[in-house]
Number of protein chains: 2
Amino acid sequence: MPQDIPMEQLIVETAERLFLEKGFAMTSTTEIAKEIGCNQALVHYYFRTKAKLFEAIFEKKIKLFIGPFIDLYRDDVPFEEYLRSMIEKHFDLIKANPKIPFLFFNEMLTNPARMEYFRTKLSELPRSVLAKMEGKLQAEIAQGHIRPLSTFDLMISIFSLNVTLFMMAPMVQQGFNLSDREMEQLIEHRKSENVLIILRSLRPLIENENH
Amino acid sequence: MPQDIPMEQLIVETAERLFLEKGFAMTSTTEIAKEIGCNQALVHYYFRTKAKLFEAIFEKKIKLFIGPFIDLYRDDVPFEEYLRSMIEKHFDLIKANPKIPFLFFNEMLTNPARMEYFRTKLSELPRSVLAKMEGKLQAEIAQGHIRPLSTFDLMISIFSLNVTLFMMAPMVQQGFNLSDREMEQLIEHRKSENVLIILRSLRPLIENENH
DNA sequence: GAAATATTTAATAGATCTATTAATTTCATG
DNA sequence: CATGAAATTAATAGATCTATTAAATATTTC
């Protein structure tokens, strides 16, 4: 029925939407086919198993998610500015794909096998990102511009602040009865809030601060 | 087989463990019964449907999770100290029940019906917590001790930092090959880190800070 | 200890789901 | 337009899952 989109692509797109909406377990190949209006065997004709279909989608999404950080590093820009830009890019990326973090957590936590599978696949990407950050960060620390801190800690803080907002978003919007416009404002406000929180967290320690 | 625990309790405990491990959809009443070693019909004898069993557990867990905040508020303690203690209590609570946040997100996001169901049930609790915080926070702002900020923003930041660590924990531990002892140290470190991040984020704005 | 009640099991209906196979249709190409 | 390949469907085997019912067993109570 849908105009002229190749069936294989149609299946991927539909599966993508349903997997993101309801997770792997609660989405059936039957439902994917029904949604498209094609025979259920066709899903298996193109992808053989539901797991393979899922993995193809999952891998693509994760790469799309990590990719933008590979070539983010610029040497000619002050650290604080670089960091601000990185936090905002990360934030915008999640904003554009708000359901990926949940899919990620969902599959990693409920299916240890998949976790092992993707641990090997994806371990280089985060490592290269971390390595790039590491040098600059330690230099700043050595100069006394920011407090001693591991790249890992910094990344966890950024990730936590950016990701959780979007995992909570549906509940927040419904719970507080926010219009789409209001929600959009809330989100943009949180972006600058997160930048402020992170930048402040890096400042050199002052007397008596750590308890 | 298990010594002298009433069957109903045994079912709840087993279901609890499995639901937390694998979520609602991927846990079957058949599996719960098999785990215990009893007949599968017994699960339905006590709880009629899988959904009712789940809801009983879910509700209990959420209450356990929000409860500690009800009577947290003390008037005789400086705001910063109060806040530190609240962040740490929240953190420890998640540490003691690290899988609840995921269960919460999982069910809220994949099952809109359940979301509606619990929205009504749980809306008073967060509201009362928020209300308690609100007064003190606004007073501090009026006095110029902290920057203008909504209670909502503060709560989101605390929640984000505290929760995400534990959602990531299994991946972090496996990905970096950390021993239980090392993981424990990492967690405790993050607790003080989160306190520091939040407290710093509240300080009054300085010249030119918000871009 | 017998009757009544509660718990547990066996059996199964009815749904649904994954994956396969064989048959059918569509389509490109000589 | 005939033929072979590709795409699609129909049909179905085999698993599993939820929920119910009736029968069997255990427990309480008189």
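Order of the sequence lines sets the chain letters (A, B, ...), proteins ahead of strands, with each chain counted from 1.
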Send over the distance from A:Asn39 CG to D:dT12 P, rounded to a whole Å.
14 Å
Could you tell me if A:Lys50 sits above the aromatic ring of A:Phe24, with its cationic atom closer than 6.0 Å to the ring centre and no more than 45 degrees from the axis?
yes
Which part of the nucleic acid, if any, lies within reach of B:Tyr45 when heavy atoms closer than 4.0 Å are counted: base, sugar-phosphate only, or nothing?
base
Tell me: CE of A:Met7 to C1' of D:dT8, nearest whole Å?
8 Å
Between P on D:dT8 and CD on A:Glu8, what's the gap in Å once rounded to a whole number?
10 Å
Does a side-chain N or O from B:His44 land closer than 4.0 Å to OP1 or OP2 of D:dT18, or not?
no
Answer yes or no: does a side-chain N or O of B:Arg48 lie under 4.0 Å from OP1 or OP2 of D:dT18?
no
Geometric class of the B:Phe104/B:Phe58 ring pair [parallel <30°, tilted 30-60°, perpendicular >60°]:
parallel
Roughly how many Å is it from CD1 in A:Ile11 to P in D:dA7, rounded to a whole number?
11 Å
Could you tell me whether B:Tyr46 contacts a base, only the sugar-phosphate backbone, or nothing, with contacts defined as non-hydrogen atoms closer than 4.0 Å?
sugar-phosphate
Indicate whether OP1 or OP2 belonging to C:dC17 is found under 4.0 Å from a side-chain N or O atom of A:Thr30.
yes
A:Arg84 bridged to A:Glu81 by N-O distance under 4.0 Å:
no
Please work out if B:Thr29 contacts a base, only the sugar-phosphate, or nothing of the nucleic acid, heavy-atom cut-off 4.0 Å.
sugar-phosphate
Once you round to the nearest 0.5 Å, how far does OG of B:Ser157 lie from CD1 of B:Ile197?
10.0 Å
Nearest-Å distance, CG (B:Leu53) to C1' (D:dA19)?
14 Å
Base, sugar-phosphate or nothing for A:Ser28? Non-hydrogen atoms, less than 4.0 Å.
sugar-phosphate
A:Ile36 has an atom CD1; how far is it from atom C1' of D:dT9, in whole Å?
14 Å
Please determine, for the side chain of B:Ala41, which listed nucleotide (D:dA10, C:dA11, C:dT18) has the closest atom?
C:dA11
Is it the case that over 12 heavy atoms from other parts of the model lie below 6.0 angstrom from the CD atom of B:Glu184?
yes
Whole angstroms only, please: what is the CG-C1' distance between A:Leu18 and C:dC17?
15 Å
Using whole Å, report how far CD of A:Gln40 lies from P of D:dT12.
15 Å
